[in-house]
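Report on the structure given below.
We use all heavy atoms of the structure for the numbers below, so side chains are in, but hydrogens, waters and symmetry mates are not. Here is how names work: the chains are called A, B, and so on, in the same order as the sequence lines, proteins then strands, and each is numbered from 1.
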Amino acid sequence: MNVVEVEEAFERLFAGEFDPEVFPIALAEAIGTSNANISKLKSGAMNRTDLPGGTLLNGKFHFFPAEEGKTEEALETLCGSKATKTRKVRVAISTDGTAVAARDMKSGEARFCDYAELKNNFGFFLPLAGFERFKAADENPVDIRATSRLAKLYDALIKANPEWGKDDNRHVMNQFMTRIVFCLFAEDTGILSDNLFARCLTDYGGNAGETAQDAILAAFTAMATSSDKRHDLPKWADDFPYVNGGLFAEGIAVPIFSRTAFQYLKEAAGMDWKEINPDIFGSMIQSIADPKARSELGMHYTSVPNILKVIGPLFLDDLDEAIDKAWTKASALRAVLQRISKIRVFDPACGSGNFLVVSYRELRDREIRILKRLEEIDPGHAMEMFSSVSLSNFHGIEITDFAAETAKLALFIAEYQANARFADVFGRMPPALPLRDGGHIVCDNALRVNWDAVCPPPDLVEEVYIAGNPPFLGSTYQTKEQKADLAHVFKGDVKNFAAFDFVAAWFFKASRYLEGRTVRAAFVSTNSICQGYSVAALWPHVLGRHLEIGFAHKDFKWRNNASSNAAVICSIVGLRNQGASRKRLFIGDTTSLVDNINPYLVNGPTVYVHGTRHGMFGLPAMDYGNKPVEGGHLIVDETTRSRLIEEEPELSKFLRPFMGSQEITKGFQRYCFWITDETVSDALQFPEIRERVESVRSFRAESPDAYVREKLLPLSYRFKQVFTSKSHAILVPRVTSERRPYLPVERVGADVISSDLNQVLYDAPDWCIALIASKLHLVWIATVCGKLKSDFRYSNTLGWNTFPVPAFTDKQKSALEESAREILLVRADHHPKTIAQLYDPDKMPDDLRQAHRRNDKLLESMYIGRPFRNDTERLEYLFKRYADRVAELKKGA
DNA sequence: CATCCGACATTTT
DNA sequence: AAAATGTCGGATG
């Protein structure tokens, strides 16, 4: 049974009237219980319930029919039942035929809905059918549970107040939700007296929330008004203290509560919000308001370990060093305290404020550490101040309103929690209310506003640290608005910016902000801006003449606690003004101090490799493969080909072997219809071909690319780009696994059509194979070409045309040719093993490895008279030769 | 017309 | 569910 089938079963089985006899059987069916067990359940032989009229299926659900209007009570009964526990029930469910109340006994999550809505809530019951909804979060499941409850509340409120869901009212709704979250958190942490808000709901919200609106309005208004100015408020509302701090400063509005919404709010109030982790929680509740974010449920929040990877080398490590140095001298420690109070942190893509929250927490922790030490070595000089780290030192820009509101709230919560830690140590704590200065969070487009206005540049004693995780988005995925944002940032300063990833704009703006100031910046980025095309196009402009990369984390897989992670490889790059100190390069688990980190995030001199259409070292021209852009209508697999030829033998003259990357590496077989201008009239005689060409035509007619839509439409019998060879061709897959010790390369006859998934040397000499199959070439490609994730991406302009080679003699060429043949022969010996199998680093056959080693030795001797010692030496040499050649060509021109 | 890329896409384990 | 590994065609120069 798959998820769709569960959904269909729910639709089918719970469409009609409720019948307490039929319902549990239908539920058992919907979750895929076998027919045999269904009949045993019907007969009662399998029913393990301990409640009259109940039904319990071992390990699955416990059902109990409720009296009218008493579903919640019935659910309580179910959850308290002994059998529920002993029989390891996953979901307890009760209904009176009008309302449904259910609880997931494992996650604790509850669900309330109308009976008619049950079919839309099938997701809740998926675990019964063996599908888990969320990966259990390792760090803190409370956050996820809190989030899903709030999401339900949000939905129920929008349903009861359709007006509140409109764009104009979004801010009001968002603000309402953050205020609710504040109350829930505050009443559990002692900011408000214990359960003050929950009591207000039970005592004054009505049985089903009918007066909840008035009650919450009164509570909120009280919190927004200092006690001497309160009029017209019910007496009970006086228990609510004045909160302010901006959180309740703007107008107060409260939506109407439906029965369901009220239930969800009470559910949420029943949780222990003390355990909420503010640095994650912010990003989680961000998903409440945004349906897209919700489907990604926290997919893009930065985990605390990753935040520390940024702010550690950016400024915390430095600070720790200063603290260590000052450890024995009170005056020196006071100087560090003074310094900490002058540190400001700015996240120009702050989302719900994770980076700011974690930075704040880390600074407060260090402050506590110092104060504690001061008490030891300089007793009697109690600090008058409580904390000199002010929330107003934290600046952020965030484009969505809800996230910006959440960021402010998250900072308040972080402050409260830091104060509580302070009280643990020193036994004193400032009053929590009214809230003081908040963080400076601006809701705006970071690529449009002047950063100086959001975060004023530091004065002589201040330090500003820019940190964050701006959005990554390749040019194919950018919206019109985002493209315009890029243009706004780069136009006039940088050429060829349109192909940049969105994140590049943050690096550029940061570079302009920090130049000549006491500012450093570091962002989490997609690794692609430090690879291939982007390096030479972007980095000279970011670094300019005065900046350098101060530290970097090279390629690590994106990871957080969300149920499904974004598929991207990240790097972290830190920018600073040029200085004498060494740089820190983190690769995997290792860290090293180096003299220079170049924009490829490699320890070495900064050399930019520019792609070029012309061979710089006299190698034969490498071309593209044939690019179909035909919606798959001209490509067939082997079985289809055989069937077509069986039906119409003459079709075989239009079918050619078709090779992309996997056809080379994994030995797949595909064929394509190959029709030329000369053969098209003949080909169109065949109905099969006519149909396919027509399909291509309709596919191309829909293309967003005007060239495909217009020029290519009458040419629908052929590919978009066409190349063929006369005698043979050498194919190199354009994307291939990073694990292989050598690049795959294949030699094929002229009958084979290569797709654009390969780079191709048409009719080129075979000694080229020896080059491509060499370690030397792989090292070059791996460094200067782009990557897909971290897999090699071969490029003719960046990798082949720029690859430094000596001027080979004819004798050397034939030696290389012989060496290439040998590699191909050894491979053939292992037939039918595929290239993927042969070049698996764990299983590569010895003779093939030996053949490659001989090839490397032969080739490298032609460069320097001996083999290179290691990859470092290979790269050093290649970059030197490249740079020399660039200089030489410049002189010649 | 050629080519770079994918907060990916799809298959395999 | 996590790991492995390369499609396909849009967008850009």
Residues Cys672(A), Val636(A); criterion side chain to side chain contact (heavy atoms under 4.5 Å, CB included); working and verdict: CA-CA 6 Å; Cys672(A) 64; Val636(A) 293; over 6 Å; no

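Taking only side-chain atoms of Tyr624(A), from C-beta outward, the nucleotide of dC4(B), dA7(B), dA11(C) with the closest atom is dC4(B). Listed candidates were dA7(B), dT3(B), dA3(C). Nearest to the side chain of Val568(A) is dA7(B). Here dG10(C) is the nucleotide among dA11(C), dG10(C), dA2(B) with the atom lying nearest to any side-chain atom of Ser703(A). Closest to the Leu798(A) side chain, of the nucleotides dT7(C), dA11(C), dC4(B), is dC4(B). The listed nucleotides are dG13(C), dG10(C), dA7(B); the one nearest the side chain of Tyr477(A) is dA7(B). In the set dC8(B), dA7(B), dA11(C), dA7(B) carries the atom at the smallest distance from any side-chain atom of Trp558(A).
Of the side-chain N and O atoms in Tyr533(A), none sit less than 4.0 angstrom from OP1 or OP2 of dT3(B). Contact between the side-chain N/O atoms of Thr476(A) and the OP1/OP2 oxygens of dA11(C) is not found at any separation under 4.0 Å. For Ser661(A), a side-chain nitrogen or oxygen approaches OP1 or OP2 of dT7(C) to under 4.0 Å. Between dG6(C) and Thr736(A), a contact under 4.0 Å exists linking OP1 or OP2 to a side-chain N or O. The phosphate of dG9(C) has neither OP1 nor OP2 within less than 4.0 Å of any side-chain N or O from Arg709(A). Neither OP1 nor OP2 of dC4(B) sits under 4.0 Å from any side-chain N or O of Arg613(A). The phosphate of dT3(B) (OP1 or OP2) has a side-chain N or O of Asn796(A) nearer than 4.0 angstrom.
In this structure, Pro470(A) reaches the bases: a heavy-atom distance under 4.0 Å links it to at least one base atom across the strands shown. Using a 4.0 Å heavy-atom criterion, one finds that Asn469(A) contacts the bases of the nucleic acid, with or without backbone contacts as well. As judged by a 4.0 angstrom heavy-atom cut-off over every strand, Lys720(A) is placed among the base-contacting residues. Contact annotation for Pro471(A): base contact, defined as any heavy-atom pair under 4.0 Å involving a base atom. Within 4.0 Å of Arg700(A), counting heavy atoms only, lies no atom of the nucleic acid at all. Residue contacts shown for Glu738(A) are absent, as no nucleic acid heavy atom lies under 4.0 Å away. Contact annotation for Lys483(A): backbone-only contact, meaning every heavy-atom pair under 4.0 Å involves sugar-phosphate atoms and none involves a base.
Between the Glu746(A) side chain and the Ile664(A) main chain, no donor and acceptor come within less than 3.5 Å of each other. With Lys789(A) contributing its side chain and Ala567(A) its backbone, the two residues share no donor-acceptor pair below 3.5 Å.
Both Pro704(A) and Thr665(A) lie near DNA chain C, and the one whose nearest nucleotide falls closer to the 5' end is Thr665(A). Residues Val722(A) and Phe472(A) both approach DNA chain B. Their nearest nucleotides, taken by heavy-atom distance, put Val722(A) toward the 5′ side. In terms of position along DNA chain B, the nucleotide closest to Gly474(A) lies nearer the 5' end than the nucleotide closest to the other residue of the pair Gly474(A) and Lys666(A).
Between Arg697(A) and Glu694(A), at least one side-chain nitrogen of the basic residue sits less than 4.0 Å from a carboxylate oxygen of the acidic one, meeting the salt-bridge criterion. Between Glu663(A) and Arg670(A), at least one side-chain N (NZ, or NE/NH1/NH2) sits under 4.0 Å from a carboxylate O, which counts as a salt bridge. The pair Arg448(A)-Glu481(A) does not meet the salt-bridge criterion, since no charged nitrogen lies less than 4.0 angstrom from a carboxylate oxygen.
Of all the residues in residues 627-640 of chain A, Lys627(A), Val629(A), Gly631(A) reach under 4.0 Å from DNA chain C with at least one non-hydrogen atom. Contacts of residues 521-530 of chain A with DNA chain C (heavy atom under 4.0 Å): none. Contacts between residues 784-794 of chain A and DNA chain B, defined by a heavy-atom separation under 4.0 Å, are made by Gly786(A), Lys787(A), Leu788(A), Lys789(A), Arg793(A).
What separates CD of Gln531(A) from C1' of dT3(B) is a distance of 17 Å, to the nearest Å. The distance from atom CZ of Phe668(A) to atom P of dG6(C) is 9 Å, rounded to the nearest whole Å. Following rounding to the nearest Å, Asp555(A) (CG) and dG6(B) (C1') show an atom-to-atom distance of 15 Å. Glu702(A) places its CD atom 17 Å from the C1' atom of dC8(C), with the value rounded to the nearest Å. Distance, Ile569(A) CD1 to dA3(C) P: 11 Å, rounded to whole Å. Spacing between atom CG of Asp623(A) and atom P of dC4(B) amounts to 13 Å, rounded to whole angstrom units. For the pair Arg734(A) CZ and dA2(B) C1', the interatomic distance rounds to 10 Å; values are reported in whole Å. Distance Asn496(A) CG to dA2(B) P: 19 Å, rounded to the nearest Å.
Each of Tyr742(A), Trp800(A), Tyr794(A) was evaluated against His777(A); a single residue qualifies, Tyr794(A), per the side-chain hydrogen bond (donor to acceptor under 3.5 Å, both in side chains) test.
Side-chain rings of Phe723(A) and Tyr624(A) stay apart, their centers remaining 6.0 Å or farther from each other. You'll find the ring centres of Phe879(A) and Trp780(A) inside the 6.0 Å limit.
Atom P of dT10(B) sits at a distance of 15 Å from the matching atom of dG10(C), rounded to the whole Å. Separation of the C1' atoms belonging to dG13(C) and dA7(B) is 25 Å when rounded to the nearest angstrom.
The heavy-atom pair separating Tyr762(A) from Ala729(A) by the smallest distance is CD2-CB, 4.2 Å.
With sequence neighbours left out, Asn469(A) forms a side chain to side chain donor-acceptor pair (under 3.5 Å) with Thr302(A).
Using the six-membered ring where Trp is involved, Phe490(A) and Phe497(A) have ring planes that are parallel, under 30° apart on the 30 and 60° scheme. Using cut-offs of 30° and 60° for the angle between ring planes, the Tyr533(A) and Phe500(A) rings count as tilted.
Under a cutoff of 6.0 Å and an axis angle of 45°, Lys833(A) and Tyr839(A) do not form a cation-pi pair.
Residue pairs meeting the ring-ring contact (aromatic ring centres under 6.0 Å, His included) criterion with at least one partner in residues 659-678 of chain A, sequence neighbours excluded, are Trp674(A)-Phe719(A).
Residue Lys483(A) places its NZ atom among more than 12 non-hydrogen atoms of other residues, nucleotides or ligands, all under 6.0 Å distant.
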For DNA chain C, the dot-bracket pattern of Watson-Crick and G-U pairs whose distances stay under 3.5 Å, | for other-strand partners: ||||||.||||||

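For the atom pair CE (Met622(A)) and CG (Leu761(A)), the distance works out to 4.0 Å, reported to the nearest 0.5 Å.
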